[in-house]
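Below, read A as the first sequence line, B as the second, and so on, with proteins coming before strands; counting in each chain starts at 1.
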Protein chains: 2
Amino acid sequence: MSFILLLDMSDPLATLPPSSSVGDYVKAIWEIAGSEAASTKDVAARLSVSSASVTNMFGRLQEMGLAEYERYRGASLTAAGRREALRLVRRHRLIETFLLEHLGYSWQDVHEEAERLEHAVSDEFTERLADMLGHPGRDPHGDPIPAADGTLAVESLKSLGETEAGQRVLIVKVKDDSAQVLNYLGERSLVPGRSVKVREVRALDGVVTVEDEGGVEHALGESLARAVFVQSTLEGVQDPVAPA
Amino acid sequence: MSFILLLDMSDPLATLPPSSSVGDYVKAIWEIAGSEAASTKDVAARLSVSSASVTNMFGRLQEMGLAEYERYRGASLTAAGRREALRLVRRHRLIETFLLEHLGYSWQDVHEEAERLEHAVSDEFTERLADMLGHPGRDPHGDPIPAADGTLAVESLKSLGETEAGQRVLIVKVKDDSAQVLNYLGERSLVPGRSVKVREVRALDGVVTVEDEGGVEHALGESLARAVFVQSTLEGVQDPVAPA
DNA sequence: CTTATATTTTAGTCTTGCCTAAACTGTAAA
DNA sequence: TTTACAGTTTAGGCAAGACTAAAATATAAG
Ligand SMILES: [Mn+2]
Ligand SMILES: [Mn+2]
Ligand SMILES: [Mn+2]
Ligand SMILES: [Mn+2]
């Protein structure tokens with residue numbers, strides 16, 4: 001007696017997890033446009049690939065059911081695509097937190113490493129890591145970490161540029177990819193979890209001057225002030241992580 | 001005034017790290033044959049790919065300077081190939097150690113996860129991890145971890161099958177890829193770091209009976225006995241890691 | 001010395017993911 | 001309403017890495 005076992009390995013999508021390329025494209029669309037349509041150009045710029053490559057991938061994402069794509073009109077994520085994006089973002093931010101808290105990385109270096117690792121770890125690994133980290137709510141940059149079920153709280157924070165002199169505020173998030181910017185702010189401990197007092201918000205040139213917990217004053221140019229997001233100290237602290 | 005910057009990105013080896021495929025092939029050759037030549041068939045079996053794919057990769061490895069390849073005669077690693085293999089093995093074993101000690105994985109599950117992660121982590125990550133782990137000498141299965149400089153101590157251990165009744169020995173290493181085997185031994189705490197007393201080595205069928213630290217006896221069949229490597233309890237303990 | 005068999009290689013394809021160059025489209029300004 | 005141009009798509013290629021089927025080779029057995 002003999003058997004022939006026929007497995008249909010011809011459908012690469014059904015079971016297999018998306019490749020790292022596919023994942024990065026989906027994540028890029030999510031980061032650029034959320035639920036809206038992301039343009040070919042923007043995705044190309046973010047991923048450092050040619051526009052032609054993006055057009056090609058938009059078509060494939062549609063095949064895979066991860067995005068809807070209309071020629072000349074960009075691609076927007078389907079529910080499945082959003083789910084996949086959030087899964088990667090959760091991994092990415094948990095990994096960043098681990099790198100900073102347990103391996104001694106500085107917060108400007110965690111992103112690059114996480115960008116690769118997010119595609120290599122399993123769901124098992126991710127949840128065990130979350131456990132080990134005590135289920136943090138935010139990553140080192142203050143970005144909220146999506147829950148395991150794909151939930152992500154919407155948040156409306158104001159930037160330092162939108163505050164007024166006299167207010168005491170808590171730094172919640174720093175939104176900037178540049179290592180120089182992160183390094184500058186990190187060295188001065190202007191990081192999530194710290195609170196500062198707003199001394200001056202100068203309309204003329206957008207410079208915001210703040211006084212840190214040690215009484216030291218820092219003058220931040222418009223772009224810097226727009227990258228630092230805060231909340232009133234009165235509101236509850238939403239699990240800030242303290243980078244180096 | 002303008003400049004045109006010409007980068008020769010046409011040489012993919014010079015700077016770029018080997019792909020995970022290339023890495024796995026190099027590692028397979030090392031694991032199968034060490035410094036000798038590994039056959040097409042053996043590598044194909046270990047990596048679950050066709051022989052034709054292996055022949056193709058052998059040629060590429062030679063192009064890359066990672067292996068020497070002679071038709072019909074298999075491939076052997078060059079110094080560069082050995083270096084690359086050891087680099088991956090170091091990562092793999094450190095990652096396994098981390099998974100077991102810090103994420104609560106069981107020792108039969110660590111291999112699969114490490115097999116993917118070894119290609120995604122940076123040297124930076126690897127050395128920081130080694131630091132965090134306290135520079136362990138062995139992984140959860142008792143395999144020695146290559147040093148950062150590519151050094152790996154040669155070792156000559158005997159298996160349980162080669163011991164004699166009456167000896168008290170320390171389990172140093174368990175050489176078996178099967179999850180069932182690892183699970184069986186793990187549940188009985190017959191793992192690296194534990195010591196046992198050899199009760200009987202039966203020539204007839206190769207069954208070895210040992211008494212563990214709690215006085216419980218275990219009869220191990222020939223294949224199991226050949227998978228468990230030990231050293232005399234009198235010799236120095238070489239940094240054993242204790243799996244679950 | 002021949003032959004059978006296991007192993008290996010060759011030949012021909014396929015998919016993924018990237019590229020450049022050329023053609024096309026949508027839209028905002030003239 | 002035409003036009004210019006930024007943005008997009010198409011066309012054509014390429015490299016990595018896998019596969020199957022067919023041909024070639026080494027070697028062990030007769
Ligand atoms: Mn990524
Ligand atoms: Mn982040
Ligand atoms: Mn691997
Ligand atoms: Mn191991």
Once you measure the plane-to-plane angle for His141(B) and Trp107(B), does it fall in the parallel (<30°), tilted (30-60°) or perpendicular (>60°) bin?
parallel
Less than 4.0 angstrom between a side-chain N/O of Arg71(B) and OP1 or OP2 of dA26(D), yes or no?
no
Could you tell me the separation between the CD1 atom of Ile145(A) and the NE2 atom of His92(A), rounded to the nearest 0.5 Å?
10.5 Å
Nearest 0.5 angstrom please: Leu100(A) CG to Gln108(A) CD, how far?
9.5 Å
Please work out whether the ring planes of Tyr105(A) and Phe125(B) are parallel, tilted or perpendicular, with thresholds of 30° and 60°.
tilted
Among the candidates dA18(D), dT8(D), dT10(C), find the nucleotide nearest to the side-chain atoms of Lys41(A).
dT8(D)
On the nucleotide dA23(C), are OP1 or OP2 found under 4.0 Å from the side-chain N or O atoms that Tyr72(A) carries?
no
Mind calculating the distance between OH (Tyr69(A)) and C1' (dT10(D)) to the nearest angstrom?
10 Å
Which part of the nucleic acid, if any, lies within reach of Phe58(B) when heavy atoms closer than 4.0 Å are counted: base, sugar-phosphate only, or nothing?
nothing
Is Val54(A) touching bases, backbone alone, or none of the nucleic acid, heavy atoms closer than 4.0 Å?
nothing
Figure out the OH/C1' separation between Tyr25(B) and dA18(D), and round it to whole Å.
8 Å
Separation of atom CG in Leu61(B) from atom P in dA16(D), rounded to whole Å
12 Å
Does dG7(D) have its OP1 or OP2 closer than 4.0 Å to a side-chain nitrogen or oxygen of Ser51(A)?
no
Looking at dA18(D), I'd like to know if its phosphate oxygens (OP1 or OP2) sit under 4.0 Å from a side-chain N or O belonging to Ser50(B).
no
Taking only side-chain nitrogens and oxygens of Thr55(B), does any of them come within less than 4.0 Å of OP1 or OP2 of dT9(C)?
yes
Please state how far atom CG in Asp24(B) lies from atom P in dA16(D), giving the value in whole angstrom units.
17 Å
Roughly, in whole Å, what's the span from CG in Asn56(B) to P in dT10(C)?
10 Å
Looking at Ser21(B), I'd like to know whether one of its side-chain N or O atoms comes within less than 4.0 Å of OP1 or OP2 on dA18(D).
yes
Please check if the side chain of Arg91(A) supplies one atom and the backbone of Val121(A) the other of a donor-acceptor pair under 3.5 Å.
yes
Figure out the CD/C1' separation between Gln62(B) and dT9(C), and round it to whole Å.
15 Å
In whole angstrom, give the distance that lies between atom CZ of Arg73(B) and atom C1' of dT25(D).
10 Å
Out of dA11(C), dC18(C), dT20(C), minimum distance to the side chain of Met57(A) belongs to dC18(C)
With a 4.0 Å limit, can you tell me whether Thr40(B) has a side-chain N or O closer than that to the phosphate oxygens OP1/OP2 of dT9(C)?
yes
Could you tell me how far apart Glu70(B) (CD) and dT25(D) (P) are, to the nearest whole angstrom?
15 Å
